[in-house]
Amino acid sequence: MKEIVLTTAPQNGLQGVLNVPGDKSISHRALLIGAISQGKTIINHFLKSQDCLHTLQALRQLGVEISEKNDQMIVAGKGIDHLQPANQPLDMGNSGTTTRLLLGLLAGRTFNTELQGDASLSRRPMKRVSEPLQKMGAAIKLTSTGTLPAIIQGKKLRGKRISLEIASAQVKSAVIFAALQADGPTTIIEKLPTRNHTELMLQQFGAEVVTAADQRTITVLPHPQLRGQLVQVPGDPSSAAFFMAAATLVPNSAIVLKNISLNPTRIGFLRILQKMGGKVSVLKQANVPETYGDIKVESAKLHAIELTAADIPAVIDELPLVALLAASAVGTSKITGAAELRVKETDRIATVTAELHKLGIKITELPDGMIITGSSNWQPRAYQLDSHGDHRIGMMLAVAALCVHQSLTLQQADAVNISYPNFFTDLQQLLGQSKQVRL
């Protein structure tokens with residue numbers, strides 16, 4: 001795995017304008033929904049990360065014709081009934097989104113499919129998806145520990161009322177994909193509202209997916225006539241969050257991030273940064289059908305924050321960055337209700353605690369979160385950091401390195417390719433040190 005020397009911040013901070021790569025969640029869903037629709041779907045600003053490319057390859061193995069030109073994907077959809085059995089197991093790589101959404105999509109087909117993943121993905125829990133699907137009649141065989149590999153035996157599915165035990169957009173989306181194939185309407189009840197890209201995109205393609213006023217109850221009518229669409233993928237707010245954090249923490253910074261998703265279910269980090277005293281503003285905004293806009297961020301002094309379970313779904317991917325912000329804030333911050341971090345690409349509570357501790361940050365691990373005491377003067381105890389193979393940990397540590405004056409290295413830096421292959425190049429651009437960084 002690649003090791004690189006991390007950059008410390010220049011005196012004039014981060015400056016400039018950046019086009020962040022396309023949203024990972026939307027890129028996955030555009031491929032999947034385009035594949036089960038009739039006619040051509042054109043996806044602009046598609047994210048060519050490792051995770052999204054695993055979705056692309058899996059669909060090709062299922063008989064879907066997909067062509068590509070730069071960051072545009074063209075899906076020749078023939079409808080869900082034209083998916084074909086793969087002649088070998090589908091490789092999910094490290095992509096939990098690909099795995100969980102395909103579990104729902106393939107549960108109602110007329111053939112069997114096997115899903116396999118890498119070592120990290122094969123430790124992540126899948127019963128949270130298989131159990132609600134089984135209530136609809138799905139037949140999914142996992143290992144004895146409830147993990148990959150999975151064998152999906154295609155079955156006729158029943159429309160049901162499903163109450164989800166975990167607030168997860170991936171689980172909800174898997175059930176929605178299964179519900180499209182059921183024998184009657186399906187109602188899904190979430191514990192807390194989660195990101196709604198699947199619902200919005202299916203509506204765009206012609207499905208009847210209705211969200212109640214409580215934002216937690218979704219009704220799906222089966223067997224819609226889906227038609228191919230033009231999908232403009234906005235910039236990924238989870239990727240943008242790393243630059244928002246960097247510009248906030250490094251003095252004299254002022255940046256603009258272009259065309260970032262402002263979907264209300266995805267701006268938890270932006271809201272938290274503002275609550276902590278961050279100087280963040282939305283310069284312009286549009287809605288077609290996903291809301292997006294330009295975001296301006298300037299350096300700022302922060303104060304501590306406390307997050308509980310109700311705050312977590314809207315910021316689950318950015319919590320390592322929230323911990324980093326808290327490490328520079330005035331006061332002591334506390335994050336609870338985030339046990340879901342234990343079953344991400346790594347145990348992110350443990351890895352964030354261990355890696356920030358190396359930088360001299362006072363951080364205490366809780367069963368479901370962290371307590372972080374802020375300081376303006378970190379004293380590193382070690383100079384070799386490690387992503388642990390987790391893309392978001394790797395990028396968070398690169399931002400952290402901007403705030404110290406010692407030379408630091410990052411092991412397994414190429415983990416960033418899972419979601420943001422050009423991360424280090426884009427960071428260098430905002431630091432005024434433009435060069436290609438290949439991992």
Side-chain angles (χ1 to χ4, degrees), residues 1-11 13-14 120 241-251 253 273 276 299-307 318-336 338 341-342 344-416 423-424 427-428 431 433 437 439:
M1 301 292 278
K2 300 285 186 178
E3 177 180 291
I4 67 168
V5 177
L6 296 173
T7 304
T8 57
Q11 195 166 11
L14 286 79
S120 171
F242 295 98
F243 303 115
M244 293 168 65
T248 298
L249 296 176
V250 177
S253 296
L273 183 52
M276 296 180 76
S299 51
K301 298 293 184 182
L302 302 179
H303 53 77
I305 196 167
E306 183 165 337
L307 302 182
E318 298 85 10
L319 281 173
L321 275 176
V322 176
L324 181 64
L325 294 178
S328 290
V330 175
T332 298
S333 297
K334 187 176 183 180
I335 301 170
T336 57
L341 287 180
R342 297 280 189 190
K344 290 292 186 177
E345 284 83 339
T346 59
D347 177 340
R348 285 185 179 159
I349 293 175
T351 53
V352 168
T353 301
E355 294 302 315
L356 292 187
H357 183 73
K358 290 179 183 178
L359 297 176
I361 293 165
K362 188 176 180 182
I363 178 169
T364 302
E365 180 177 341
L366 301 175
D368 63 345
M370 295 163 269
I371 298 174
I372 309 105
T373 301
S375 171
S376 59
N377 184 25
W378 304 341
Q379 299 295 325
R381 299 167 177 152
Y383 303 99
Q384 189 173 70
L385 307 177
D386 194 336
S387 77
H388 298 264
D390 188 326
H391 54 127
R392 299 199 193 278
I393 299 297
M395 290 185 279
M396 181 272 288
L397 293 173
V399 174
L402 298 173
C403 302
V404 300
H405 301 294
Q406 294 87 347
S407 178
L408 303 174
T409 60
L410 177 65
Q411 292 182 304
Q412 302 186 70
D414 51 346
V416 304
F423 170 75
F424 288 105
L427 179 60
Q428 294 291 343
L431 293 170
Q433 304 167 356
V437 181
L439 297 176

[atom1]-[atom2] distance between [X] and [Y], expressed to the nearest 0.5 angstrom:
| X | Y | atom1 | atom2 | value |
| --- | --- | --- | --- | --- |
| Ser376 | Leu302 | OG | CG | 12.0 Å |
| Asp414 | Lys2 | CG | NZ | 7.0 Å |
| Thr7 | Gln428 | OG1 | CD | 4.0 Å |
| Leu431 | Leu14 | CG | CG | 4.5 Å |
| Thr353 | Ile363 | OG1 | CD1 | 4.0 Å |
| Leu341 | Leu319 | CG | CG | 5.0 Å |

So Phe424 and Leu6, side chain to side chain contact (heavy atoms under 4.5 Å, CB included) or not? Walk me through it.
CA-CA 9 Å; Phe424 288 105; Leu6 296 173; 4.1 Å; yes
Glu306 versus Ser333, side-chain donor and acceptor atoms under 3.5 Å:
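Glu306 and Ser333 do not have a side-chain donor-acceptor pair below 3.5 Å.
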Can you list the steps and then say if Arg348 with Thr351 is a side chain to side chain contact (heavy atoms under 4.5 Å, CB included)?
CA-CA 5 Å; Arg348 285 185 179 159; Thr351 53; 4.3 Å; yes
Between [X] and [Y], is any pair of side-chain heavy atoms under 4.5 Å apart?
| X | Y | answer |
| --- | --- | --- |
| Leu408 | Leu397 | no |
| Leu359 | Leu385 | yes |
| Leu366 | Lys334 | yes |
| Leu321 | Arg392 | no |
| Met396 | Val352 | yes |
| Val399 | Leu427 | no |
| Leu324 | Leu249 | yes |
| Glu3 | Leu410 | no |

Ser253 (side chain) donor-acceptor with Val250 (main chain) under 3.5 angstrom
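Side chain of Ser253 to backbone of Val250: a pair is present.
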Backbone N/O of Ala327 and side chain of Trp378: donor-acceptor pair under 3.5 Å
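Yes, the answer is positive, given that a donor and an acceptor are paired below the 3.5 Å cut-off.
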Using the rule given for side-chain hydrogen bond (donor to acceptor under 3.5 Å, both in side chains), can you reason through Gln384 versus Asp386, listing the C-alpha separation, both sets of side-chain angles and the distance that settles it, and then say yes or no?
CA-CA 7 Å; Gln384 189 173 70; Asp386 194 336; over 6 Å; no
Closest non-hydrogen atom pair between Gly331 and Ala304, with its separation:
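The pair with the smallest heavy-atom distance is C-CB, 3.7 Å.
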Please give me the minimum heavy-atom distance between Ala329 and Met276, naming the atom from each residue.
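Closest approach of Ala329 to Met276, heavy atoms only: CB-CE, 4.1 Å.
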Looking at Glu365 and Arg342, is there a salt bridge between them, counting it only when a charged N and a carboxylate O are closer than 4.0 Å?
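Result for this pair is yes, salt bridge flagged.
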Between Asp390 and Lys344, does at least one N-O distance fall below 4.0 Å, as a salt bridge requires?
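Result for this pair is no, no salt bridge flagged.
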Quick one, Gln411 with Ser387, criterion side-chain hydrogen bond (donor to acceptor under 3.5 Å, both in side chains). Give me CA distance, side-chain angles, the key distance, then yes/no.
CA-CA 6 Å; Gln411 292 182 304; Ser387 77; over 6 Å; no
Apply side chain to side chain contact (heavy atoms under 4.5 Å, CB included) to Ile335 and Ile305, showing your working.
CA-CA 8 Å; Ile335 301 170; Ile305 196 167; over 6 Å; no
Side chain to side chain contact (heavy atoms under 4.5 Å, CB included) between Ser407 and Tyr383, worked out:
CA-CA 7 Å; Ser407 178; Tyr383 303 99; over 6 Å; no
Does His388 form a side-chain hydrogen bond (donor to acceptor under 3.5 Å, both in side chains) with Gln412? I'd like the steps, not just the answer.
CA-CA 7 Å; His388 298 264; Gln412 302 186 70; 5.7 Å; no
